[in-house]
Peer 1: 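Okay, handing you the structure first.
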Amino acid sequence: MSKFFAYIARMKYIRRWGLMPAQRDENVQEHSLQVAMIAHALALIANKHYGAHLDAEHIMAIAVYHETGEVITGDLVTPIKYYNPTITTAFKEVEKVAEEHMIDLLPKDMRDDYRLLIQPSDAEEKRYVKAADKIAAYCKCLEEHRSGNQEFSMAAKTLERSIHDMKLEAAEEFMKEYVPAFDQTLDELNRPENL
C-alpha cells in the first residue's frame with residue numbers, strides 16, 4: 001500500500017500566507033493548480049513567441065508537484081524562510097528530506113518518474129515553475145487588494161519586482177497580457193469588451 005497520494009491529498013489542509021490575515025484563505029493544493037496552469041502558459045508563450053523548445057506539459061507536471069514537501073514540512077512563510085542564510089540553508093535541507101520521504105512512499109518502479117517532477121534537475125524548467133509560482137502569489141495579492149486588504153500590498157510590490165528581475169520574456173508577457181484581469185470584479189470581467 002502506497003501512502004503517496006493520501007499525503008498529496010492533504011495539501012488542501014495546508015494554509016498559505018500564515019502570518020497574514022487574508023479575506024479568503026488559500027491552500028497549497030489550489031495554489032499548486034494555479035502555478036501549474038501559469039507554468040504551462042509560460043512555456044507555451046516561450047515556445048510560440050520567443051523560439052523556445054520547452055515541454056509545456058512536463059513543466060506543468062513539475063508545477064503540480066512543486067510543493068510536495070510541504071505535506072511534511074507545512075508552508076514556512078517567506079520572511080522566516082529567508083530570514084538569514086543559515087535558516088534558508090537548513091530549510092532547503094529539510095525540504096529535500098521531506099521530498100525524499102514522499103518519493104520513498106511510491107512503489108520502487110515509479111520513484112524515478114516522480115523524482116523528475118518533485119526534484120527536477122533542469123534549471124530552465126525550474127525557472128519557469130519559479131516564475132509561475134511568483135506570478136500566482138502576485139495574483140493572490142491583487143485579489144486581496146481588490147477585497148480591501150492592504151496587508152498584501154508590500155508582498156505585491158516585492159513579488160512584482162522579483163518577477164521582473166527574473167528577466168523571463170514569457171513572464172513579462174504574461175504579466176502584461178493576463179495579470180491585469182485579476183484585478184477586475186466579475187462584472188468587469190463580463191463586460192462585452194473584455195470577452
Side-chain angles (χ1 to χ4, degrees), residues 1-18 22 24-48 52-78 81 91-143 159 162-163 166 168 170-171 173-175 177-179 181-182:
M1 175 179 68
S2 173
K3 299 176 183 176
F4 180 81
F5 288 104
Y7 264 104
I8 290 293
R10 291 183 172 267
M11 283 182 170
K12 65 181 162 273
Y13 301 124
I14 303 169
R15 183 180 176 272
R16 289 178 44 81
W17 306 94
R24 191 188 73 73
D25 283 345
E26 178 183 51
N27 66 58
V28 170
Q29 191 172 58
E30 65 187 304
H31 166 74
S32 295
L33 174 62
Q34 186 174 32
V35 173
M37 291 187 291
I38 294 170
H40 184 258
L42 294 180
L44 290 177
I45 291 166
N47 290 345
K48 292 179 182 294
H53 301 285
L54 300 165
D55 182 341
E57 285 73 27
H58 181 69
I59 289 172
M60 179 172 56
I62 291 170
V64 166
Y65 291 99
H66 84 283
E67 302 283 22
T68 296
E70 289 192 5
V71 296
I72 304 295
T73 67
D75 181 43
L76 188 61
V77 293
T78 298
K81 192 185 296 187
F91 191 71
K92 289 203 180 295
E93 273 301 308
V94 169
E95 280 181 328
K96 186 161 178 60
V97 169
E99 290 166 354
E100 285 295 333
H101 174 72
M102 290 298 296
I103 292 166
D104 287 345
L105 294 176
L106 289 158
K108 287 183 182 179
D109 65 339
M110 294 180 70
R111 290 178 186 168
D112 289 342
D113 298 296
Y114 278 88
R115 184 171 278 108
L116 293 173
L117 303 177
I118 295 168
Q119 296 176 329
S121 59
D122 185 283
E124 192 68 357
E125 291 174 342
K126 289 195 293 191
R127 188 170 174 231
Y128 278 82
V129 172
K130 188 64 166 174
D133 190 34
K134 290 176 183 291
I135 292 169
Y138 178 72
C139 291
K140 169 63 175 168
C141 292
L142 292 181
E143 290 169 0
L159 284 161
S162 69
I163 293 162
M166 291 185 79
L168 192 64
E173 184 173 327
F174 192 94
M175 290 289 286
E177 182 68 25
Y178 299 100
V179 170
F182 280 83

Peer 1: Evaluate the criterion side chain to side chain contact (heavy atoms under 4.5 Å, CB included) for residue pair I135 and I163; output intermediate values, then yes/no.
Peer 2: CA-CA 7 Å; I135 292 169; I163 293 162; 3.8 Å; yes

Peer 1: Looking at side-chain heavy atoms only, is the closest gap between E125 and V129 below 4.5 Å?
Peer 2: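 Heavy-atom side-chain distance check fails, nothing below 4.5 Å.
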
Peer 1: Are the side chains of E30 and K12 in touch, meaning some heavy atoms are under 4.5 Å apart?
Peer 2: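 No - every pair of side-chain heavy atoms lies 4.5 Å or more apart.
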
Peer 1: Can you see which heavy atom on A131 is nearest to which on A171, and at what distance?
Peer 2: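 Distance-wise, the nearest heavy atoms are CB-CB, 4.3 Å.
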
Peer 1: So with a 6.0 Å cut-off around NZ of K48, is the heavy-atom count from everything else above 12?
Peer 2: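 For K48, atom NZ is not crowded (no more than 12 foreign heavy atoms under 6.0 Å).
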
Peer 1: Would you say the side-chain atoms of H66 pair up with the backbone N or O of A63, donor to acceptor, closer than 3.5 Å?
Peer 2: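 Yes; at least one donor-acceptor contact below 3.5 Å.
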
Peer 1: To the nearest 0.5 Å, how far apart are CZ in R15 and CG in D25?
Peer 2: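 Nearest 0.5 Å value for the CZ-CG distance: 4.0 Å.
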
Peer 1: Just verifying a value: how many Å separate K130 NZ and I62 CD1, rounded to the nearest 0.5 Å?
Peer 2: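 One finds 14.0 Å between NZ of K130 and CD1 of I62.
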
Peer 1: Please tabulate, for the side chains in residues 105-112, all donor-acceptor contacts under 3.5 angstrom to protein atoms that are two or more places apart in sequence or on a different chain.
Peer 2:
from	atom 1	to	atom 2	distance (Å)
R111	NE	L106	O	2.8
R111	NH2	D104	O	2.9
R111	NH2	L106	O	3.1
D112	OD1	R115	NH1	3.4

Peer 1: Are the side chains of D133 and H31 in touch, meaning some heavy atoms are under 4.5 Å apart?
Peer 2: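 Side-chain contact under 4.5 Å: yes.
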
Peer 1: Yes or no on side chain to side chain contact (heavy atoms under 4.5 Å, CB included) for I59 and L42, after CA distance, side-chain angles and deciding distance?
Peer 2: CA-CA 9 Å; I59 289 172; L42 294 180; over 6 Å; no

Peer 1: Distance check, rounded to the nearest 0.5 Å: M37 atom CE versus Y178 atom OH?
Peer 2: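 Between atom CE of M37 and atom OH of Y178 there are 13.5 Å.
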
Peer 1: According to ring pair (Phe, Tyr, Trp, His ring centres under 6.0 Å), does anything in residues 94-117 pair up with another residue at least two apart or in another chain? List the pairs.
Peer 2: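 Sorted result for residues 94-117: F4-Y114, Y65-Y114.
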
Peer 1: Verify, without hydrogens or angle tests, whether R127 (side chain) and M166 (backbone) share a donor-acceptor contact under 3.5 angstrom.
Peer 2: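 Yes; judged by distance alone, with no hydrogens or angles, the pair exists.
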
Peer 1: R24 side chain to E26 main-chain N or O, any donor-acceptor pair under 3.5 Å?
Peer 2: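 Checking the backbone N and O of E26 against the side chain of R24, no donor-acceptor pair under 3.5 Å is found.
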
Peer 1: Any idea which heavy atoms bring A137 and R16 closest together, and the distance?
Peer 2: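 Result for this residue pair: CB-NH2, 4.2 Å.
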
Peer 1: Can you tell me how far the CG atom of L44 sits from the OH atom of Y128, to the nearest 0.5 Å?
Peer 2: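 It comes to 11.0 Å.
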
Peer 1: The test is side chain to side chain contact (heavy atoms under 4.5 Å, CB included); show your working for Y13 and N27 and say whether it passes.
Peer 2: CA-CA 6 Å; Y13 301 124; N27 66 58; over 6 Å; no

Peer 1: Could you tell me which residues satisfy side-chain contact (heavy atoms from CB on, under 4.5 Å) with V71, sequence neighbours excluded, listed by chain and number?
Peer 2: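 Result, side-chain contact (heavy atoms from CB on, under 4.5 Å) vs V71: Y7, M11, I14, M102.
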
Peer 1: Quick one: do D122 and H58 satisfy side chain to side chain contact (heavy atoms under 4.5 Å, CB included)? Show the steps, please.
Peer 2: CA-CA 11 Å; D122 185 283; H58 181 69; over 6 Å; no

Peer 1: Could you measure the distance from the CD atom of E95 to the CD atom of Q119? Nearest 0.5 Å is fine.
Peer 2: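 Answer for the CD-CD pair, E95 versus Q119, is 10.5 Å.
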
